[in-house]
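Numbering of ligands and ligand atoms starts at 1, following listing order.
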Amino acid sequence: MNIIAIMGHMGVYYKDEPLRELDSALSAMGFQLIYPNDSEDLLKLIEHNARICGVIFDWDKYSMEMCTEINELNESLPLYAFISTHSTLDVSLNEMRMALYFFEYALNAADDIAQRIQQYTAEYIDTIMPPLTKALFTYVKEGKYTFCTPGHMAGTAFQKSPMGCLFYDFFGANTLKSDVSISVTELGSLLDHSGPHREAEEYIARTFNAERSYMVTNGTSTANKIVGMYATPAGSTVLIDRNCHKSLTHLMMMSNVIPIYLRPVRNAYGILGCIPKSEFSRESIEAKVAKTQDATWPVHAVITNSTYDGLLYNAEFIKQNLEVKSIHFDSAWVPYTNFHEIYDGKCGMSGERVEGKVFYETQSTHKLLAAFSQASMIHIKGDYNEKTFNEAYMMHTTTSPNYGIVASIETAAAMMRGNPGRRMINRSIERALHFRNEITRLGAECEGWFYKIWQPTKIDEAECWPLEQQDNWHGFPNVDADHMYLDPIKVTILTPGMSQSGSLEETGIPAALVAKYLDERGIVVEKTGPYNLLFLFSIGIDKTKALSLLRGLTDFKRSFDLNLRVKNMLPDLYAEDPDFYGEMRIQELAQGIHDLICHHDLPNLMLKAFDVLPEMVLTPYQMFQEEVRGNVEECELIDLVGKVNANMILPYPPGVPMIMPGEMVTEESRPVLDFLAMLCSIGAHYPGFETEIHGLERTEQGRYVATVFKEQE
Ligand SMILES: *Cc1c(COP(=O)(O)O)cnc(C)c1O
């Protein structure tokens, strides 16, 4: 961080010469000086170059307006105003709040000024650095010798072995030096919440509008278990989003609780919807409690917000109306909602406390902010027992946390603060909007088919678009008013094959083909449904990435329309089974899969598969205990009716559990099996199109086998 911008060249000696002297003094200190053409150029430069750590300018020439504009980009950036003896200095209170420093034009003062600039730069860096990361950087810089773990000793051990050296050189010195032991006392402790770790938690809580925040180094999978372990005593009843992440199924396998489910809607595109308002009502919950053995009024509720496909709830409604004292929003996908006003009221931490209730929000920092994998946070608002909570926290936390991950969690928070943070999210939203509009524009211009976007017909403004009953773009029946909103940065593209009402058309291009084509060109799709593809416009997506996606999509269309051979268009797919694909052309492949989907009537099957839930015979906890005792056996998928399934069965996509441990598929819930069988059948017909199904094993004969409960004679 050493670039300083100078607005130089005043054209008069008494101003230019001192700046020239300053340039050499600062250069000698290791600063890099750059000269923007004008204030517009300067603002662009600051916007595109986060390494700029100061601006030197003439107070008389560049007005306060420029300072204000710089402030909107980065309110902490030091500004160095040069004044002459004639300058008027009427600085307002607002300006006094800026990091604005004054110097006079004078010869032979350069060394002095440079030193002060160096000091202010250090202060600037100090301001933007969060506490734990700062302490860690300082610790590494001091380079102390330790005699504790980790055994690589700041990387030294690696360098004693040829392979170790390759590893060391790849990851770099600081990665290893900052991988320090929990016994380093000056860094405090993650498990005791002490020292800089405690400061980091407080800093994060302030940043995310929480009362208390925890850093979790093993992903939201673990964060969810920590919250769940604390919030649900054995024997209690828990209200769980049926479309939950599998970590919550694991929670129910670990914790002896009785689940009752909140049932989200889904549309014919196979896009997961939200839980309708009615499901949150007292009557609906009472009915479920009455129907479930041993169930009582739920002590805790878990809701996935946003859904995988980018639908956010009116969280305020849920907080106010759901009569459960402890509510957990699993917000793994949306760690950025606190940093832009379009998400107000749609996330766990927005708004105030609600008396008598406690809210949790878990977020995968690594998923859409900038942090190492496994970085996650728990935010809390409301009263809870900190001591007991910490037992649950420690139960799931390693005693040797990776400080690189911890510091990255804190850094992600620091990056989101203030104007720079808001701008970053704003830019993601704008980029996504632009992309959406480009697809629509290209669709209007081109001949024949084109991709469509799953979004309202009119999208001029950046907002979370409400799903309205009278609109049909979303494909959901009976949508509640003011209840679900589409996040603009989650972009779902639709391929031809299915009409808006969800009926299958004569011809179609299954989305998996487009996904494979993009994948072979280095563009990885987040999720692929039957005729939809999901792309995330996170803060790391820049214009070039967005453009290459656009190009990938249009190239696919061109190649598809030319009906190229699979061999040429999808060489990796071809390589999976050259005999099968032989001279096959892309349109034949697309239509083949489309016909198979039509044959199985996928949209209908999918709706039905989620319509009737399998029957809970054992709770997930009881089932897992039986499995541990060895009371399980294998069973072919097609014979599953009447059997109690042992492990969750989760096809990907849609990526949510379809059968929970301890559930029995009955005649009424048979469509679940038909749906799974159809997924298997597509894979059996077309090499390379196998669906990943967690919980099912594929035998060498190509049959799918599940694990079921074996009752003891
Ligand atoms: C990814 C995800 C998780 C788990 O997060 P990790 O950080 O990968 O452990 C939990 N819940 C939901 C809804 C997710 O999408």
Side-chain angles (χ1 to χ4, degrees), residues 204 208 213-229 231 238-254 259 261-262 264 266 271-275 300-313 315 318 327-337 346-349 359-379 393 396-398 401-402 404-406 408-409 412-413 484 487 489-490 492 524-529 534-536 538 648 650-658 660 692 694:
I204 289 168
F208 284 83
S213 293
Y214 292 85
M215 301 184 280
V216 178
T217 57
N218 196 24
T220 301
S221 303
T222 295
N224 285 350
K225 287 176 200 140
I226 294 169
V227 172
M229 258 345 222
V238 194
L239 194 53
I240 297 221
D241 191 336
R242 183 71 191 189
N243 290 351
C244 64
H245 182 255
K246 60 180 166 184
S247 55
L248 291 156
T249 307
H250 285 136
L251 165 73
M252 294 189 283
M253 290 164 76
M254 293 164 67
Y261 295 103
L262 293 163
R266 73 190 48 236
I271 294 173
L272 310 178
C274 289
I275 302 158
H300 180 67
V302 189
I303 295 145
T304 318
N305 185 44
S306 84
T307 67
Y308 209 157
D309 301 274
L311 294 174
L312 289 154
Y313 286 93
I318 296 173
I327 304 176
H328 171 191
F329 294 95
D330 178 355
S331 296
W333 280 109
V334 288
Y336 49 81
T337 45
K346 301 179 181 69
C347 51
M349 286 303 112
F359 306 123
Y360 302 91
E361 184 172 31
T362 50
Q363 300 173 332
S364 291
T365 321
H366 68 93
K367 274 187 182 161
L368 279 134
L369 296 181
F372 284 134
S373 288
Q374 301 187 10
S376 173
M377 299 180 192
I378 301 171
H379 306 298
Y393 178 85
H396 293 275
T397 307
T398 168
N402 182 306
I405 298 178
V406 180
S408 84
I409 298 175
M484 315 193 226
D487 184 347
I489 76 162
K490 309 277 167 71
T492 296
V524 182
V525 178
E526 176 55 39
K527 191 180 75 153
T528 309
L534 173 70
F535 301 94
L536 307 179
S538 56
M648 89 181 102
L650 184 153
Y652 185 93
V656 294
M658 292 204 67
M660 295 286 185
E692 214 186 305
H694 300 293

For N402 and T217, the nearest pair of non-hydrogen atoms, with its separation, is O-CG2, 4.4 Å
Closest heavy-atom pair, L311 versus G273, reported as atoms and distance to 0.1 Å, is CD1-CA, 3.9 Å
Using a 3.5 Å distance criterion without hydrogens, assess whether the side chain of [X] forms a donor-acceptor pair with backbone atoms of [Y].
X	Y	value
Y360	V302	no
S408	F372	yes
N305	K346	yes

Value for CG (L239) from CD1 (I303), rounded to nearest 0.5 Å, stands at 7.0 Å
Any N or O of [X] that comes nearer than 3.5 Å to an N or O of ligand 1?
X	answer
T304	no
S221	yes
N218	no

Honestly, for T222 the part within reach of ligand 1 (heavy atoms, under 4.0 Å) is neither
Honestly, for Y308 the part within reach of ligand 1 (heavy atoms, under 4.0 Å) is neither
Closest to atom 13 (C) of ligand 1 (heavy atoms only, candidates D330, N243, D241) is D330
If you compare H245, H366, Q363 by their heavy atoms, the one closest to atom 10 (C) of ligand 1 turns out to be H245
Hey, which atoms in ligand 1 end up nearer than 4.0 Å to a heavy atom of [X]?
X	answer
S364	5 (O), 6 (P), 7 (O)
N224	10 (C), 11 (N)
W333	14 (C), 15 (O)

Q374 heavy atom under 4.0 Å from ligand 1: no
Side chain to side chain contact (heavy atoms under 4.5 Å, CB included) filter on A332, not counting sequence neighbours, yields T220, D330, S364, K367
Looking only at protein heavy atoms, what sits closest to atom 2 (C) of ligand 1 is K367 NZ, 2.3 Å
Sequence neighbours excluded, the answer for side chain to side chain donor-acceptor pair (under 3.5 Å) partners of K527 is D309
